[in-house]
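Because the structure is a prediction, the values reported are computed rather than measured. To find a chain, count down the sequence lines: A is the first, B the second, and so on, and within it residues start at 1.
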Protein chains: 2
Amino acid sequence: MDSATAREQALDAAEKLFYGRGIQSVGMDDIRGASGVSLKRLYQLFPAKEQLVEAYLERRDVRWRGRLASYVEREADPELRILAVFDWLQEWFGEADFRGCAWINSYGELGARSERVADQVRAHKRAFRDYLASLVAGAGRPDALTGPLFLLAEGSMVTAGITGSTRPAAEAREAARSLLAAR
Amino acid sequence: MDSATAREQALDAAEKLFYGRGIQSVGMDDIRGASGVSLKRLYQLFPAKEQLVEAYLERRDVRWRGRLASYVEREADPELRILAVFDWLQEWFGEADFRGCAWINSYGELGARSERVADQVRAHKRAFRDYLASLVAGAGRPDALTGPLFLLAEGSMVTAGITGSTRPAAEAREAARSLLAAR
DNA sequence: AGCAAGGGAGAACGTGCGTTCTCCACGTGG
DNA sequence: CCACGTGGAGAACGCACGTTCTCCCTTGCT
């Protein structure tokens, strides 16, 4: 097995376990067991657990925003694209392994301790917010709408994570529609 | 020192440390050092760390909702009471030791592992949501407003926690005002 | 064949921490 | 004055886990 595939398998296992059970409760040995990558190899690829965590968050960030963008871009109408964000959230919340927002959870777990994790969480949320801003601008709407839409999205993620329901996405979508209609 | 004051001192230290640094990174010995309550006494009062965590979350829940309610109730106008929630959030976010919502953070840290913690988080959020619902009802507004207002509040808590800014409260207040005006 | 390099399995090491135990000082009732 | 219970300080214990090390096998090259 070459380094590239070992790295991918390690990250696959890390993502599944870190996201599903939390970062601190997953040991390097769990990653080894789930990935089939030996400890020696793991430590060659990621010299410490923290770097595996960072790689996990980074790869998930790229994929998460990619999935969102490709869903939203299937919608042509710029106004509806904004609402499509909430439709996608609803799909995400409904996935069997959904356990809330990985970055919000990681921040709760490690934000107070690891500045690098905190930075990654801030970067991810800033990127998401910037993406929302681009959709708002694309619809020719005032930038002041971005903040509220972002807060609705964040609120729905955290609430869906805690309650396990997809309903917050629908509520947020409805509120977003109302905000868009008001101005 | 009698049991009651020892218990309070232990909980004071636990709250300060758990909230400030996260639960898992605070040891029982840290609690002993910060509270002046010996380990022996700590384990008499709370037979395991998990029970100290539960007591911490429970006491904080009572105090948090009490502070919110007493702030809101200073406002007489039922419509403005709804907005007062967001004013209070802004004050809270501005406190020097503010580090996000204790329950959201705890859920990220332990929600996947401890069903009791997860239950307490859900109970706290449900109570907060019910309180918002009572304010909406008190203003004679449709119950459908509760969900969006709750999501705005949750989004502002999580965002203020991550970014360290009070601005999300003002954005959420403005969005809430807009939603209230729309219907 | 012989051998160096790399990799796997898993033991070993060090540390942190939840929990319990030991030892001792102190106060109180006989 | 003495037995005794309470409580404090902190050592001790057990375990989990991050990280490293040992041992052995495979593989590819000469």
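- Rounded to an integer number of Å, the gap from CZ of A:R32 to P of D:dT19 is 15 Å.
- Rounded to an integer number of Å, the gap from B:K49 NZ to C:dC17 C1' is 8 Å.
- The CG atom of A:D29 sits 9 Å away from the C1' atom of C:dG10 (whole-angstrom rounding).
- A:V26 comes within 4.0 angstrom of sugar-phosphate atoms only, judged by non-hydrogen atoms across all strands, and of no base.
- Taking only side-chain atoms of A:S38, from C-beta outward, the nucleotide of D:dG7, C:dA9, C:dG18 with the closest atom is C:dA9.
- We find that CD1 of B:I31 is positioned 12 Å from P of C:dT19, with the value rounded to whole Å.
- Rounding to whole angstrom units, OH of residue B:Y43 and P of D:dG7 are separated by 18 Å.
- Taken to the nearest 0.5 Å, the CD atom of A:Q9 stands 11.0 Å off from the CG atom of A:L45.
- Which of D:dG7, C:dT19, D:dG8 sits closest to the side chain of B:Q44 comes down to D:dG7.
- Atoms CZ and CE, from A:F98 and A:M157 in turn, are 8.5 Å apart once rounded to the nearest 0.5 Å.
- In this structure, CD on B:Q120 lies 10.5 Å from OH on B:Y56, to the nearest 0.5 angstrom.
- Under the 4.5 Å side-chain heavy-atom criterion for Ile, Leu, Val, Met, Phe, Trp and Tyr, B:L80 and B:V136 are members of the same hydrophobic cluster.
- When the nucleotides D:dG18, C:dG8, C:dG18 are ranked by their closest atom to the side chain of B:M28, C:dG18 comes out on top.
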Inset, instruction - Start with the C-alpha gap between A:K16 and A:D97, add the side-chain angles, then the distance that decides, and say whether salt bridge (Lys or Arg N to Asp or Glu O under 4.0 Å) holds. - result: CA-CA 9 Å; A:K16 183 169 173 180; A:D97 64 348; over 6 Å; no
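- Interface residues of residues 2-24 of chain A facing DNA chain D, ordered by number: none; criterion, heavy-atom separation under 4.0 Å.
- The distance from atom CG of A:L45 to atom P of C:dG8 is 10 Å, rounded to the nearest whole Å.
- Of the candidates B:R59, B:R63, B:R65, B:D61 forms a side-chain hydrogen bond (donor to acceptor under 3.5 Å, both in side chains) with just one, namely B:R65.
- Distance B:D30 CG to D:dG10 C1': 15 Å, rounded to the nearest Å.
- Nearest nucleotide to the side chain of A:R41, out of D:dT19, C:dT19, C:dG7: C:dG7.
- Across all their heavy atoms, A:A175 and B:P148 have their closest contact at CB-CB, 3.6 Å.
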Could I get a table of every N or O pair under 3.5 Å where one atom is in the protein and the other is in nucleotides 21-28 of chain C?
none

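- As rounded to whole Å, 13 Å separates atom P of D:dT19 from atom CZ of A:F46.
- Among the candidates B:R60, B:R116, B:K49, the single residue satisfying the salt bridge (Lys or Arg N to Asp or Glu O under 4.0 Å) test with B:E54 is B:R116.
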Legend entry - Check against salt bridge (Lys or Arg N to Asp or Glu O under 4.0 Å), A:E73 and A:R81: CA-CA 7 Å; A:E73 280 155 23; A:R81 277 191 174 183; 5.7 Å; no
